[in-house]
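Read through the structure below, which is laid out as structure tokens, and then see the notes.
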Amino acid sequence: MLPLSRTDVPLGLHGKHDNALIYVRYFARRYLVLGVTGLVLFFLLLRILYVGRDVRPSPISDGNPSSRWPGRRLPPLYGQYHQYEHQLPQHHWDAPSHESEPKFFWIPGHSRGSGWGNIFQEVLLNAYLSHKANRAFVFYNYTWNDDGSDYSDYNGKPIPSRIPLSALIRGPIVGAPWPAGDPAPLAISEEYWHHVCGAKRRVIPRAEVHDHLPSWYVSDITKGWLDKLSTVDDQCVEAGSDGGPPYNWVTFGEKDAMTDVWPDFARSPVLTHLAWSPLVELGFDNNREVFAPTTVLEPPLSSIPATAPSAERYSMLPGLLVLHIRRGDYEGHCAHLARWSSSYLAFNALQGLPDRFAPPPGGQLGREHPGERADLHGALFPERAADRAQGGGGRARGGGAGAEPGACVCDDERRGRVGRGAQGGAEGHGRVDERGEQQGPGAELGAEVFIGNGWSSLTGNIVLMRQANGFRPESTRFW
Ligand SMILES: *[C@@H]1O[C@H](CO)[C@@H](O)[C@H](O)[C@H]1NC(C)=O
């Protein structure tokens, strides 16, 4: 199972280029073995979390998933997480009146049917806006398809139509208390919102806010909504779905869209107290020995109290290099990006990050610039891996001196050659991956050096959290 010599390493990962060899030589053999094992564990999770975008789900109408996908094991639906959300103490299901409860803010037009990277960045900003407005954030399922089905078809495979957010993340964003001293109201679930607010919603049409915005930067959108929300006193306020959610792809694709808001957003407890779910952390603990071995007295990640700030929880894993290689649908996406002179996504263009991408001058919107396609191709595909991995990016904060980096590669495309040994004690907790293996995410947040893809929202979420957690900007790079 583990590669025993250099020739056993699945070099397809790096393409058939000479660069692959340079890259391979870079790592001491020990780390190579650990790293390659880490990577296959790792990207399986990413596969299910980032199932791609722009692919419309086909609804399941026959009501019998096992006849629809004969012989396939159906993925879990995470019912116990849904139950946990239902039972949050701020949900007073049986109260005769809800008048003494806080004010709520619900965004029914939130995105659906996209990969987790896209959904997650929007969830973060929606929660940030609600917190700023001093209204309880109404959190919702990660929804692939809301036709009421349990399963959807993704490229011939069954995937859950909805995943409770608490199966993926943890913290005030999904109803946990805010840090001590923060009087903000606790987030509630969408079901509870319908229960309390069904008949007494006040809808603010999106156009009433967005028609007057000076830009689609996050700071302007946030201010527009906060100004508007300050004029209404209703308990149940809903953002109109006309024109989509407050923050959409226009904002996320704009490289300067985060600049003004970043200092405040980075301090928001939405980010400082964000964590992966217990399930995800268990996956990390089960697998970490292969890519970031523990020292004797190091407690498992999942045993750290839930209230610990994110920066403490995901402290640096010295010597670990994590690479995110986004593939699959990127060939077509590359042409699209070149046509629109795209630069890095907003979350990948935060202040201080050393790598920038400037489209070659002279391009016209809507028409592909040949130079840009070539440049983009270099950046979107891992041929550059060798150079960047060797250049490193310097040491992240503290420690790690002299350690040779281990490697952990997340690759969205390739299916892993992972064994069945990784399930550990996971059975009671449900599963993250359709085949039942537990994965090891979390590594990217703590990696001493991370190299990602500037056009990927999955990379973007990692970059955002690393920056918020105080990692040295030089330790976060792009191809
Ligand atoms: C969220 O997903 C769960 C299944 O995990 C489902 O029972 C529930 O109805 C969904 N909530 C909404 C509001 O659709």
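One-based numbering, in listed order, for ligands and for the atoms of each.
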Side chain to side chain contact (heavy atoms under 4.5 Å, CB included) partners for Ser97, two or more places apart:
Glu99
In chain order, what residues pass the side chain to side chain contact (heavy atoms under 4.5 Å, CB included) check against Leu464, with sequence neighbours excluded?
Leu124, Met258, Trp262, Phe265, Leu271, Phe347, Leu350
Give the table of side-chain donor-acceptor pairs shorter than 3.5 Å for residues 176-189, with sequence neighbours excluded, one pair per line with atom names and distance.
residue, atom, partner, partner atom, Å
Trp178, NE1, Pro185, O, 2.9
Asp182, OD1, Ala184, N, 2.9
Asp182, OD2, His131, NE2, 2.9
Ser189, OG, Tyr192, N, 3.2

Just do the salt bridge (charged side-chain N to carboxylate O under 4.0 Å, His left out) check on Asp211 and Arg206 with the steps written out, would you?
CA-CA 8 Å; Asp211 283 357; Arg206 184 180 189 271; over 6 Å; no
Plane angle bin for Phe105 and Trp225 - parallel if under 30°, tilted between 30 and 60°, otherwise perpendicular
tilted
Show me a pair-per-line table, with atom names and distances to 0.1 Å, of protein N or O atoms that are under 3.5 Å from an N or O of ligand 1.
residue, atom, partner, partner atom, Å
ligand 1, 2 (O), Asn141, OD1, 3.4
ligand 1, 2 (O), Asn141, ND2, 2.4
ligand 1, 9 (O), Glu191, OE2, 3.1
ligand 1, 11 (N), Asn141, ND2, 2.9
ligand 1, 11 (N), Glu191, OE2, 2.5

Which one of Arg202, His98, Lys200, Lys103 satisfies the side-chain contact (heavy atoms from CB on, under 4.5 Å) criterion with Cys236?
Lys200
